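Data block below; observations after.
Just so it is clear, the structure is predicted and the values come from calculations on it, not from any experiment. Order of the sequence lines sets the chain letters (A, B, ...), proteins ahead of strands, with each chain counted from 1.
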Amino acid sequence: MALAPATPAQRMTDGALSEKEQDLLLVERARTGDTTAFDSLVLKYTPRLFTTVYNLTANREDTFDLLQDVFACAYRKLPQFRGESGFHTWLHTIAVRTAINFLRRSRRRRTTSLEEMNSAIEQDPDYRDLAVNSTPVREAGLNELQEQLNAALQKLPESQRAVVVMFDIQGMPHADIGRILGISTGTVRSRLFYAHRQLQALLSDYLK
Amino acid sequence: MNSQPNPEEKLQRLLRLKRYEHPPEDFAEIFLEKFQRRQRSEILRRSTWSILGERFANFMQLLRRPAVLWTAGGAYAAVLLTLWLLPRPAPPGSTAIFLTGVPDPAAVNVDSRPVSPGARPVNSPTAPVPDAIPGGKRRTSSQDQDKEPIIGPEEREREEDGRLHDL
């Protein structure tokens with residue numbers, strides 16, 4: 001006897017759904033007024049969006065407030081989400097645009113704050129390699145290195161900083177970044193090129 | 001062979017280290033709690049106009065979808081076709097015109113000003129209303145058929161002249 005195909009809800013409980021399908025299911029439930037479904041999306045995407053927004057603003061309190069705005073905006077705009085791109089990309093688009101608008105508005109009155117580094121960094125092969133082969137990195141220590149990296153990132157224009165954060169820190173592909181910022185892949189590459197050139201000059205001591 | 005990474009690669013490795021910057025462990029839970037409180041207070045604070053405005057914006061967004069446009073267009077065309085195909089009932093005044101050849105003054109009266117009782121009709125300053133009968137009732141089409149045609153003295157003379165001419 002042929003078995004009936006499993007419904008998306010059954011497949012979700014079985015863990016057989018892809019991440020995109022799981023998101024779409026939660027979005028559908030949230031659209032019908034299921035607030036717990038939207039809460040699941042908030043819990044899932046807060047850490048990822050935190051990394052993006054924090055690296056754009058370099059301030060923990062601003063990041064917290066901006067993320068509140070981002071999720072409130074996403075909840076209001078949920079009926080407009082068509083599912084053509086993933087929910088992750090859609091949410092990132094709102095987050096990056098909200099953060100860039102905030103940075104443009106408050107250029108003069110901003111302060112930076114440091115977020116704690118996860119202790120797992122000590123085990124990272126890249127860090128160990130840099131610490132062994134680069135004297136300035138070894139001597140600087142983690143906190144100073146973190147401060148220098150933040151300061152260098154903050155000197156970039158917002159449009160270039162957003163590309164660096166998404167490509168180098170978040171590891172997103174060029175196509176996704178282009179979709180989020182509403183620019184072509186060529187523009188993404190060119191912004192990355194100019195941003196890297198500027199960062200190399202600012203962080204030259206650590207790149208010897 | 002030189003295995004030292006170039007500055008570009010070194011820079012990318014340095015930037016990748018920023019992935020280890022994380023918020024505290026309970027950040028997501030605290031964040032969610034505040035978000036829920038904010039949502040509740042926003043719902044209570046919002047005016048009817050802002051809710052209506054948002055719903056209208058969402059509706060307009062929905063209208064941009066081609067499927068919705070096609071459906072709306074199809075429904076509009078169907079309504080127009082139905083209205084065009086429906087048999088139209090003839091207006092009551094047109095029956096009187098067909099039977100008597102004399103149009104109903106009420107149907108053709110261009111002057112729609114109210115007429116005071118006892119005042120003369122505007123269209124015929126001397127003669128009374130042709131289809132009015134004593135008692136204030138209007139003639140029906142069957143009464144019109146029984147009625148003798150109204151012929152003036154000049155027309156009567158012309159008729160008699162015509163008969164003489166024929167002889």
Side-chain angles (χ1 to χ4, degrees), chain A residues 35 38-39 42-47 50-51 54-55 60 63-64 67-69 71-72 75-80 82 114-122 124-127 129-130 133-134 137 142 145-146 148-150 152-153 164-165 167-171 196-197 199-200 203-204 206-208, chain B residues 1-70:
Chain A
T35 49
F38 195 75
D39 290 350
V42 172
L43 281 174
K44 180 177 177 184
Y45 284 107
T46 297
F50 180 90
T51 309
Y54 169 71
N55 283 307
R60 186 195 291 175
T63 305
F64 191 94
L67 283 181
Q68 290 279 334
D69 292 345
F71 281 109
Y75 189 75
R76 280 198 304 270
K77 287 189 172 177
L78 216 52
Q80 294 168 27
R82 298 177 194 181
L114 283 181
E115 206 50 66
E116 275 180 32
M117 279 272 193
N118 193 319
S119 56
I121 193 174
E122 307 274 0
D124 186 274
D126 279 343
Y127 177 72
D129 191 39
L130 282 166
N133 294 317
S134 162
V137 171
L142 267 177
L145 182 66
Q146 198 185 348
Q148 292 301 322
L149 282 172
N150 277 358
L153 271 176
V164 169
V165 167
F167 182 78
D168 292 307
I169 302 175
Q170 297 272 54
H196 281 180
R197 205 164 66 173
L199 285 172
Q200 278 178 28
L203 298 164
S204 55
Y206 299 96
L207 301 174
K208 284 172 187 167
Chain B
M1 208 174 113
N2 188 12
S3 63
Q4 274 288 90
N6 59 21
E8 173 74 11
E9 205 176 314
K10 267 189 174 177
L11 175 73
Q12 289 186 351
R13 282 180 171 194
L14 260 182
L15 290 170
R16 266 202 294 270
L17 295 179
K18 280 188 72 63
R19 287 178 196 177
Y20 289 99
E21 275 181 77
H22 279 300
E25 289 288 313
D26 55 350
F27 178 85
E29 282 77 24
I30 294 167
F31 180 83
L32 181 63
E33 259 183 52
K34 195 179 175 194
F35 178 69
Q36 287 168 338
R37 276 204 304 272
R38 180 186 160 152
Q39 255 192 325
R40 266 183 244 129
S41 66
E42 257 184 26
I43 289 166
L44 292 173
R45 241 187 304 128
R46 283 173 72 194
S47 67
T48 316
W49 284 113
S50 70
I51 295 167
L52 280 175
E54 194 183 296
R55 288 197 180 161
F56 180 72
N58 285 336
F59 175 70
M60 293 307 287
Q61 191 75 21
L62 195 77
L63 278 186
R64 285 185 201 160
R65 296 185 194 184
V68 177
L69 276 180
W70 279 111

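- Proximity to chain A (any heavy atom under 4.5 Å) is shown, for B:Glu8, by both the backbone and the side chain.
- Taking every heavy atom of both residues into account, A:Ala72 and B:Phe35 meet most closely at N-CE1, 3.4 Å.
- Two residues are said to be in side-chain contact when any heavy atoms from C-beta on lie closer than 4.5 Å; B:Leu17 and A:Gln146 fail this criterion.
- Separation of atoms CG (B:Leu15) and CZ (A:Phe167) is listed at 10.5 Å; rounding is to 0.5 Å.
- How far CG of A:Leu149 is from NZ of B:Lys18: 6.0 Å, rounded to the nearest 0.5 Å.
- Of the atoms belonging to A:Arg197, not a single heavy atom falls under 4.5 Å from chain B.
- Both the backbone and the side chain of A:Ile169 come within less than 4.5 Å of a heavy atom of chain B.
- Both the backbone and the side chain of B:Arg16 come within contact range of chain A, with heavy atoms under 4.5 Å apart.
- Looking only at side-chain heavy atoms (C-beta outward), B:Leu32 and A:Thr46 stay at 4.5 Å or farther from each other.
- Taken from CG in A:Asp69 to CZ in B:Arg38, the straight-line distance is 4.5 Å, to the nearest 0.5 Å.
- The shortest side-chain heavy-atom distance between B:Leu14 and A:Leu145 falls under the 4.5 Å cut-off.
- Proximity to chain B (any heavy atom under 4.5 Å) is restricted, for A:Leu153, to the side chain, taken from C-beta onward.
- If you check the side chains of A:Tyr54 and B:Glu21, you find a donor sitting under 3.5 Å from an acceptor.
- With contacts defined as side-chain heavy-atom distances shorter than 4.5 Å, the pair A:His196/B:Gln12 qualifies.
- Among A:Thr35, A:Asn55, A:Thr51, A:Thr63, the residue making the largest number of heavy-atom pairs under 4.5 Å with chain B is A:Asn55.
- If you measure heavy-atom distances from A:Val165 to chain B, you find no contacts under 4.5 Å at all.
- One finds the OH atom of A:Tyr206 at 13.0 Å from the NZ atom of B:Lys10 (value rounded to the nearest 0.5 Å).
- The greatest number of non-hydrogen atom pairs below 4.5 Å with chain A, out of B:Glu29, B:Glu9, B:Gln36, is found for B:Gln36.
- Between A:Tyr75 and B:Gln39, the shortest heavy-atom distance links the atoms CD2-NE2, 3.1 Å.
- More than 12 heavy-atom neighbours from other residues, nucleotides or ligands sit within 6.0 angstrom of NZ on A:Lys44.
- Chain B forms more heavy-atom pairs under 4.5 Å with one residue of A:Asp39, A:Leu43, A:Leu203, A:Leu199 than with any other, namely A:Asp39.
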Run A:Phe71 and B:Phe31 through ring pair (Phe, Tyr, Trp, His ring centres under 6.0 Å) and show every step you take. CA-CA 11 Å; A:Phe71 281 109; B:Phe31 180 83; 5.7 Å; yes
